[in-house]
Amino acid sequence: MHSFFFPLIQTALVAAGVATEKPIQIEQPSDKKFGDFSTNIALLAAKECRRNPRELAQDIIKHLQFQPDTVSKIEVAGAGFINFYLAPVFIMRSVEKVLENGDEFGKGCTGKGQKAVVEYVSANPTGPLTIGRGRGGVLGDCIANLLETQGYNVTREYYFNDAGRQMQILAESVQLRYLELCGRESEFPATHYQGEYIREIAETIYAEHNTALQESSDLSFFKKSAETTIFASIRKTLERVGIKHNSFFNEHTLYHADENGITANQRVIEALKAMNFIAEYDGATWFLTTKLGQEKDKVLIKSSGEPSYRLPDIAYHVTKFERDFEMIVNVFGADHIDEYPDVLEALRILGYDTSRIKIAINQFVTTTVDGQTLKMSTRKGNADLLDDLIDDVGADATRLFFIMRGKDSHLNFDVDLAKKQSKENPVFYLQYAHARICSLLRMALQETGFDPATCKEYHLLQLLSSPAELQLGFALLNFPDMVKASLRLLEPQKMVEYLHSLAELFHRFYQECPILKAESDICKARLFLSVATRQVLQNGFRILGVSAPQSM
RNA sequence: GUGCCCGUAGCUCAAUGGAUAGAGCAUCAGCCUUCUAAGCUGAGGGUUACUGGUUCGAGUCCAGUCGGGCGCACCA
């Protein structure tokens, strides 16, 4: 709707002789009595025009040109707001568009087919996925969905590392457990992976090889075995909650020499060296972040000769530019918050346009079971597992709960609430609205023969004029703007809230307006409104990755 | 100590710098011989942690204070 009002207001400003640099803001007042849309342009421009804002607003609306079948009323209110009231006919005509566009309603083309990459999950295969990772995973998946609706060509990427020290420790952990099974008692170091899954992997190895490997000093078999098993479990878990990837980027490729015998990591070092941001001291190679005002330099190559995680991180992001991504979204947890500023600085120094990079950081998750809040502990083997949560509350509740709070807020995941089959549980509240419409339409087909697939008398919608009907219709035409806002803020939570309010408006309409018992044309019109609501619910659910049940 | 996030109704959370700060849950009062009551209607409940500042206007922006979370490795 922004694109609808914007040019008209701009024209009116020119016609009224108002010259202002201030942006035209169009908002939806919180209270319906202030109209369906409103602009504060008169307030913003008043000062530079040296005029009273209310008078200025009066002047502007004199020059606003609207057809009476789109805007029914324009008025000046408060300190100088200009409020617009949409004509009922216009709202209902918009509902027709929902029906005509179907699955496509809400999609846009701002992406223009540009390449976008969203990186999410990116957990190394050292253990099963935790609940904390799950939140970021769902967030990333929804952001990727949002980008796709806006016409981006999206790569959903998982960046992982199957080399390095953590994998070494993993391999040692499995080996130690294996040796225990072979009857060799040893002290299991506290630094190693304590989880039960390590024993299970060791048991599998023992079952296949018995004690044959106990004299082997080669860890690679244990590493490979652990990696394969764990990665399979991670991917299975991701699949269960509908978190999809179509690209797995192995950090190891950054260590491979190209045709000139140089690795991606080395290229980064050379490039930064050319910009005088590299120094060697204490046996290591450093990124001179002190030159950028930071307190300490950062190690890129350790004195052992191995790159620290920072170097491949930079090299990895260079590949995102080399792969021509116009939009680069990184999703990660708050524990990695210190990671990205260095990467961004390095990329900036190397001449890349870092404004293409958007960072979405999600805060942590605690779970509440039986009213008791459990704190997550990492790497101790007693971390909350995403798989257990899915077993407990199902995939839909898992997804929706992860994104129904702002990503910047700590999430308190109430497991008991997520299991409840009632209005208290927002998952059921949303899905119930959809199921209720499906049920209604089944009944309609049975009793009146109404079939939305064949009956296309959408113009009947214009017969509807009650507040409940108009508010529902208005909410429907807002959907495309809500999709755009969710994407702009990288915040699927906006979509959850919108769908919740849509469900609420439908339930009210359903309560107040008899549908099947209404006179024939009104009945059809109300069924069309219901079908349109179901369509928007489905389109929204698809973005969130939540199922739309036909009955409950 | 320091960087980032958070502090809003009893609880969980909303509010692109806008108008009287909103939902849900919980509490209380109503609505099913009628399309799914897994629903709807209404009521009560607030010094937006605190103190200053910026401006037509601040929960929102800035500074400081107090609380809570997460980081601060030659781990990732």
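Throughout, a chain's letter reflects where its sequence line sits, starting with A, and its residues are numbered from 1. Note that this is a predicted model, so its numbers are computed, not measured.
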Can a side chain N or O of [X] be found less than 4.0 Å away from OP1 or OP2 on [N]?
{"X": "S439(A)", "N": "U36(B)", "result": "yes"}
{"X": "Y340(A)", "N": "G71(B)", "result": "no"}
{"X": "S409(A)", "N": "A14(B)", "result": "yes"}
{"X": "R405(A)", "N": "A14(B)", "result": "no"}

Nucleotide [N], atom [atom2] - distance to [atom1] of [X] in whole Å:
{"X": "H434(A)", "N": "U36(B)", "atom1": "NE2", "atom2": "C1'", "answer": "14 Å"}
{"X": "Q363(A)", "N": "C13(B)", "atom1": "CD", "atom2": "C1'", "answer": "15 Å"}
{"X": "I515(A)", "N": "C35(B)", "atom1": "CD1", "atom2": "P", "answer": "12 Å"}
{"X": "D414(A)", "N": "G24(B)", "atom1": "CG", "atom2": "P", "answer": "18 Å"}
{"X": "Y510(A)", "N": "U41(B)", "atom1": "OH", "atom2": "P", "answer": "15 Å"}
{"X": "Y432(A)", "N": "A37(B)", "atom1": "OH", "atom2": "C1'", "answer": "7 Å"}
{"X": "L129(A)", "N": "A76(B)", "atom1": "CG", "atom2": "P", "answer": "20 Å"}
{"X": "D342(A)", "N": "G71(B)", "atom1": "CG", "atom2": "C1'", "answer": "13 Å"}

Please measure how far the [atom1] atom in [N] lies from the corresponding atom in [M], and state the result in whole Å.
{"N": "C13(B)", "M": "C6(B)", "atom1": "P", "answer": "13 Å"}
{"N": "G59(B)", "M": "G46(B)", "atom1": "C1'", "answer": "12 Å"}
{"N": "G44(B)", "M": "A63(B)", "atom1": "P", "answer": "40 Å"}
{"N": "C61(B)", "M": "A14(B)", "atom1": "P", "answer": "14 Å"}
{"N": "A38(B)", "M": "C25(B)", "atom1": "P", "answer": "14 Å"}
{"N": "U27(B)", "M": "U60(B)", "atom1": "C1'", "answer": "31 Å"}
{"N": "U8(B)", "M": "U47(B)", "atom1": "C1'", "answer": "12 Å"}
{"N": "G45(B)", "M": "C4(B)", "atom1": "C1'", "answer": "34 Å"}

Students often get this wrong, so: under 4.0 angstrom with heavy atoms, is [X] touching a base, only sugar-phosphate, or nothing?
{"X": "G406(A)", "answer": "sugar-phosphate"}
{"X": "A46(A)", "answer": "nothing"}
{"X": "D282(A)", "answer": "base"}
{"X": "S303(A)", "answer": "base"}
{"X": "C438(A)", "answer": "nothing"}
{"X": "M443(A)", "answer": "sugar-phosphate"}
{"X": "S501(A)", "answer": "nothing"}

Where the side chain of [X] is defined as all heavy atoms beyond and including C-beta, which of [options] is the nearest nucleotide?
{"X": "E251(A)", "options": "C35(B), G71(B), A76(B)", "result": "A76(B)"}
{"X": "N412(A)", "options": "C4(B), C35(B), U12(B)", "result": "U12(B)"}
{"X": "Q493(A)", "options": "A76(B), C13(B), G69(B)", "result": "C13(B)"}
{"X": "Y309(A)", "options": "A76(B), G69(B), U41(B)", "result": "A76(B)"}
{"X": "V299(A)", "options": "G69(B), C35(B), C74(B)", "result": "C74(B)"}

Do the charged groups of K494(A) and E497(A) touch, with an N to O distance under 4.0 Å?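 Result for this pair is no, no salt bridge flagged.
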Counting primed atoms plus P, OP1 and OP2 as sugar-phosphate and everything else as base, spell out the protein contacts along nucleotides 16-23 of chain B at 4.0 Å heavy-atom distance: B, S or - for each nucleotide, 5' to 3'. B-BBB--S
Which glycosidic conformation, syn or anti, is assigned to C32(B) if syn requires a torsion within 90° of zero? syn
Restricting to side chain to side chain contact (heavy atoms under 4.5 Å, CB included), what partner residues turn up for P189(A), sequence neighbours left out?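 Applying side chain to side chain contact (heavy atoms under 4.5 Å, CB included) to P189(A) gives L176(A), T191(A), H192(A).
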My understanding is that only residues two or more places apart in sequence, or in another chain, count here; which of them pass side chain to side chain contact (heavy atoms under 4.5 Å, CB included) with D451(A)?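 So D451(A) forms a side chain to side chain contact (heavy atoms under 4.5 Å, CB included) with L445(A), A453(A), T454(A).
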Could you check whether Y316(A) and F249(A) have their ring centres less than 6.0 Å apart? yes
Using heavy atoms to find the nearest nucleotide of RNA chain B for S304(A) and H410(A) separately, return the residue whose nucleotide is more 5′. H410(A)
G283(A) vs R442(A), nearer the 5' end of RNA chain B by closest nucleotide: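 So the residue in question is R442(A).
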Scan for side chain to side chain donor-acceptor pair (under 3.5 Å) pairs involving residues 291-303 of chain A, sequence neighbours excluded, and state none if there are none.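 For residues 291-303 of chain A: Y281(A)-D297(A), T290(A)-D297(A), Q294(A)-K298(A), Q294(A)-D342(A), K298(A)-D342(A).
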Side chain to side chain donor-acceptor pair (under 3.5 Å) pairs touching residues 508-522 of chain A, sequence neighbours excluded, are none
Nearest 0.5 Å, please: how far is CD1 in I278(A) from CG in L300(A)?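 Going from the CG atom of L300(A) to the CD1 atom of I278(A) covers 5.0 Å.
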Where does RNA chain B pair, written as one dot-bracket string 5' to 3', with Watson-Crick or G-U pairs under 3.5 Å, ( ) inside the strand, [ ] for crossing pairs and | for another strand? (((((((..((((....[...)))).(((((.......))))).....(((((..]....))))))))))))....
Summary of salt bridge (Lys or Arg N to Asp or Glu O under 4.0 Å) pairs that have at least one residue in [range], sequence neighbours excluded:
{"range": "residues 74-83 of chain A", "value": "K73(A)-E75(A)"}
{"range": "residues 523-538 of chain A", "value": "E457(A)-K524(A), E469(A)-R526(A)"}
{"range": "residues 393-402 of chain A", "value": "D141(A)-R399(A)"}
{"range": "residues 161-174 of chain A", "value": "none"}

Axial cation check for F474(A) ring with K32(A), 6.0 Å and 45° limits: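 The answer is yes; both the distance and angle limits are met.
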Output the residues of residues 47-57 of chain A in contact with RNA chain B, where contact means a heavy atom of the residue under 4.0 Å from an atom of the strand; sort by number or write none.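 Residues of residues 47-57 of chain A under 4.0 Å from RNA chain B: K47(A).
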Can you name the closest pair of heavy atoms from N161(A) and E251(A) and give their distance? CB-OE1, 3.1 Å
At their closest point, which heavy atom of I515(A) faces which heavy atom of S530(A), and how far apart are they? CD1-OG, 4.1 Å
Could you tell me which residues satisfy salt bridge (charged side-chain N to carboxylate O under 4.0 Å, His left out) with K22(A), sequence neighbours excluded, listed by chain and number? none
